[in-house]
Amino acid sequence: MEYDFRNIEAYWRKKWAQDESYKVTEDPNKKKFYVLDMFPYPSGAGLHVGHPLGYIASDIYARYMRHKGYNVLHPMGYDSFGLPAEQYAILTGQHPAKTTEQNIARYREQLDKIGFSYDWSREVRTSSPEYYKWTQWIFGLLFNAWYDLETNKTRPISELIAKFEENGSYGVNAHMDEDWWKTYLLEADHIFSAHFEGEFTDTDWKSMSEAQKEALLMNYRVSYLADSLVNWCTALGTVLANDEIKDGVSERGGHAVEQKKMRQWSMRISAYSERLISDLDTIDWPDNIKEIQRNWIGKSSGARVRFQAEKEVTIEVFTTRPDTLYGVSFLTLAPEHESVEVLTTEEQRDAVSEYVANSKLKTERERMAEKKISGVFTGGYAQHPLTGDQVPVWIGDYVLAGYGTGAVMAVPAGDQRDYDFAKHFNLEIKNIFAESDLSEKAETSKDALLANSDFLNGMNYYAAFDAVCERLMEIGAGEKRVNYRLRDAVFSRQRYWGEPFPIYYENGIPRLIETEELPTQLPDVDAYLPTESGEPPLARATNWERNGMPMECNTMPGWAGSSWYFLRYMDPNNHSVFASEERIKYWGQVDLYMGGAEHATGHLLYSRFWTKVLFDLGYIPFNEPFKKMINQGMILGRSSFVYRIKDSNTFISFERRKEFETQRLYADISLVDNDKLNIEGFKSWLPEYANAEFMLNENSEYTCGWEVEKMSKSKYNVQTPDELIEKFGADTLRCYEMFLGPVEQSKPWDTKGISGVHNFLRRFHRLFLENETFSVSSEEATAAEMRVVHKTIKKITEDLERFSWNTVVSACMIATNELTDLKCNKRQVLEPLVVLLSPYAPHLAEELWKNLGHSTSVMNESWPIAENKYLEEENFEYAISFNGKTRFFLSLPAGMSAADVEAEVMAHDSTAKYLEGKSPKKIIVVPKRIVNVVM
RNA sequence: GCCCGGAUGGUGGAAUCGGUAGACACGCAGGACUUAAAAUCCUGUGACCAUUGCGGUCGUGUGGGUUCAAGUCCCACUCCGGGUACCA
């Protein structure tokens, strides 16, 4: 009876599905544990071996926790809105829902083969109306909310309106855009005079029209509509969030992105900056992810300083080095800065206009690529708040309009960019440091002592910072200020395949569709493209209106549905709420979240944001979604290459490729075994190779070259799990993916070792056989056998507790090898081992468990406990070292005292030899560890 | 540039608290079985020296340090991977 994995796995796959073995129900008598995988986007390509790496690890952990008696929630679903299905729809006219459906079916088929313990009755799909109904509902929640800086909480907009009714804006401390009233005065229909600075009375409020009130409230809402500078991607026909852009081009497709002002929905995530940073300390995430988030949010502490310029213009700058204020020799404004126009003198007008026009033309990417220093003098001056000196005002595109105030105070002595700018335009470089040489570069150390700085002389950064801020406060010219890089997130996409907004427009006023009327379903359209007039695809739909009023035509971005899906798994079929209070309370935070690190600034930040909103508004009792997270590394492909001699159809083996001028071409990895090419297979692979000739190596083989790259169809290096499961079985695949190394690590896929792992499962299976039939003995196990069992229990338990999945496989192999040597087939020994192995090889474990005579599933067995009485060894093998070098071994009773050990060692024959006649200076004895004789 | 990781045999990796470096597996070599091959099993396998046996020296990217003892801690550097950037 060989290890017939095909039949075993097929049998148990069916049985588990029939019995709904993995269905979990809320059970208040059991402790819960929530293990979650980042749900996949169901792409047309299906799964390759890299995808299940994290799924397998989390599945093993989920099964382990189940053995430990926890009620484990381990669900799976699909992030099924997205661009590829839409682009396919544009090309073929096929509805994205249909493509998505097909892809999901394929994913499911692949996932089922691997033996995951998912409770599929809880599956969610972000593109199903039943699901996005609640995504729309959450959008409504954010629309009907504002951020109160007083309590540092999201609060319902109705509370804000009540405050306005009572006392106007007085006493309201809301998170809003800086200088929001300036835009408001320019763009909204309002009742205020030009002197309005954001403050209004209850009388003002009450005198406003409905439309005026709404326009004002829009500045407070957490989800708001505003003209904002967005990243517009013409090729994709949509806006992109900052995290969807890499190196100035779109992450998907690598298309050019430009800045454009558009009326868009945005999310006030910037209000949560501080909490998003400080709450990182409360969660157990990999340090690098926390670090990426910290950098992305970009907190910097500094000061705002105001410079009084000509023509009643005040220029406010943000600086992290207010201590260097006396070193200011000019100011630089971003080309888009609002004061550029006013400050520019007649003489400089042409130069400035040209510069501003030029920088507008450049894309973000071009600006970044251009390392050249550029700028132009406005002709205007501003007064230094402390010295009263007139400093020239320049513009330069190294200053970004979107960060800080869009203006900087230039201190060439203390900042390298200012230094370079000053050198380039021959501007003054004031040395404000006591001992710094500024002939080559700026002094950026915070420890440098200040000079030529009036009352700051002799201080370093730390002392001067407070001193100068205090002075600025006194004279009203500035104050301490914390600045964040994080911008509000644009929430509109000009796409079809996304959640429609539950919004319609009544005389231009956005109105929210009530919960009872949700979901707002995606309408059918005749094509998945923008309209001729450039409106989003939804504008093509007939009847895309509500009682004659137009509906919002944008859809939500990909991250909307994924920002809360972990909550829906708790209660996926609830029609009246997104998840019941009871269930949310029971399941709580995700205890273990497994997924890729590439979502660090997108999904992982947005779900934290929405979680905080739901927490503030009292819908969930926790303010962080994922208590612990582990990032699995990427599995890379190992591409194979053949070398074609130039202008011929002759291929030369890797070793000899230098003999000719060759062209390197991909060969499908299925045609290559151990870097040797299957020549016949290669010829029939592609028509162009049918008549290929080969120049072989000295062993008459064709050797391929190789390189480690990302897995991709175009590189012919994709390994699907299906082939491996067919060849070796799911249990082998599971064990092998874990055996490859630490999950966090990225590594190239290599099937070389898989036979070793498969072999191990066969050897394990063989332990239960005698003369080819299943047979276990009921004899009492020996001490040696029991030691193997309990040593293994201890090792595996400890390894799983520290998430060291790979070493568990080794431990199982060692146990199998040892028991094979001991020729042990005793039930007492084998039963606990089946339980230990079951998280890794669930099919085989179930089969063996059944054969052992059990009628219940092994997955519900309790986890074995390592008992010390079996682990205690009588003797300990001491390594005896002399000056740190191990020389011989000595087996001594484990309980022997240090003094006795020392005596034994000194009395030993070999000791005299290694002492070489010297007398030991010192003898270190660490009981049950080591002896070191120092000479 | 800045921030965060990492570097261990031919290969993937192990070494959890500073205590026998190289577990486990692959690969390779030799052997058994076989007409042969595959499969399976056994033995060996860090490098160098010695080899009849005993053994010896070196060895965890490089250089230094702390310690009875360093892959592990400290300092400096090199290379590789990831993140991020005219962020004031």
Side-chain angles (χ1 to χ4, degrees), chain A residues 2 246-247 286-296 298-300 302 317-322 324 331-332 334 367-368 370-374 396-400 402-411 414-418 420-421 444 483-485 597-598 600-601 631 633-634 674 735-736 739-742 744-757 759-760 762-763 766 795 798-799 801-802 804 806-814 816-817 820 877-889 920-926 928-935:
Chain A
E2 258 304 293
K246 291 263 150 23
D247 303 324
D287 286 337
N288 67 316
I289 300 286
K290 290 190 182 185
E291 201 56 29
I292 290 169
Q293 293 212 345
R294 280 191 199 104
N295 290 340
W296 187 258
K299 180 178 182 174
S300 47
V317 301
F318 173 72
T319 176
T320 54
R321 296 293 303 272
T324 64
L331 301 183
T332 314
R367 265 209 210 181
M368 272 169 21
E370 230 172 272
K371 289 285 169 207
K372 208 167 69 192
I373 295 161
S374 75
D397 65 9
Y398 77 95
V399 180
L400 305 176
Y403 183 78
T405 62
V408 302
M409 58 176 224
V411 182
D415 181 279
Q416 194 55 44
R417 274 159 318 162
D418 296 343
D420 295 340
F421 195 87
T444 51
N483 206 51
Y484 299 92
R485 197 182 80 106
E598 65 275 15
T601 53
N631 299 121
M634 209 192 326
N674 232 339
C735 292
Y736 183 57
F739 187 64
L740 231 38
E744 305 86 327
Q745 221 163 78
S746 284
K747 55 226 151 189
W749 178 258
D750 195 334
T751 42
K752 269 188 199 149
I754 200 165
S755 61
V757 175
N759 217 2
F760 143 66
R762 282 171 45 190
R763 282 162 62 88
R766 208 173 298 150
K795 170 76 177 153
E798 284 170 0
D799 285 356
E801 288 295 332
R802 64 188 176 102
S804 174
N806 56 327
T807 50
V808 171
V809 182
S810 304
C812 288
M813 287 174 171
I814 293 169
T816 305
N817 293 346
T820 302
E877 177 106 329
Y878 278 95
I880 313 300
S881 53
F882 291 78
N883 281 347
K885 275 183 190 148
T886 306
R887 293 300 184 182
F888 65 94
F889 297 95
K921 285 199 191 109
K922 197 170 167 189
I923 298 165
I924 311 277
V925 177
V926 184
K928 289 182 85 174
R929 259 184 215 268
I930 202 168
V931 175
N932 189 17
V933 181
V934 188
M935 302 186 290

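In what follows, every chain begins at residue 1, and chains take the letters A, B, ... in the order their sequences are listed.
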Q: Ignoring the backbone of A:Met813, work out which of B:C68, B:C24, B:A14 is nearest its side chain.
A: B:C24
**Q.** Side chain of A:Glu291 (C-beta onward), nearest among B:G12, B:C4, B:C87
**A.** B:C4
Q. Of all the nucleotides listed (B:C3, B:A88, B:C68), which has the minimum atom distance to the side chain of A:Ile924?
A. B:C68
Q. Is the base of B:G83 syn or anti, where syn means the angle lies within 90° of 0?
A. anti
Q | Where the chi angle of B:C49 falls, syn if within 90° of 0 and anti if not | A | anti
Q. Looking at B:G13, B:A88, B:C68, which one has an atom nearest to any side-chain atom of A:Tyr403?
A. B:A88
Q) For the side chain of A:Thr319, counting heavy atoms from C-beta on, which of B:C24, B:C4, B:A88 is nearest? A) B:A88
(Q) I want to verify a distance call: between B:A23, B:U20, B:C58, whose nearest atom is closest to the A:Ile814 side chain? (A) B:A23
Q: Find the partner of B:A7: check Watson-Crick (N1-N3 plus N6-O4 or O6-N4) and G-U wobble (N1-O2, O6-N3) distances, both under 3.5 Å, and reply none if neither fits.
A: B:U78
Q: Take the protein atom NZ of A:Lys747 and the nucleotide atom P of B:A7, then report the distance between them rounded to whole Å.
A: 14 Å
Q. If you check the A:Pro742 side chain, which of B:A88, B:A15, B:A14 turns out closest?
A. B:A14
Q. A:Thr807 has a side chain; which of B:C4, B:A88, B:A14 sits nearest to it?
A. B:A14
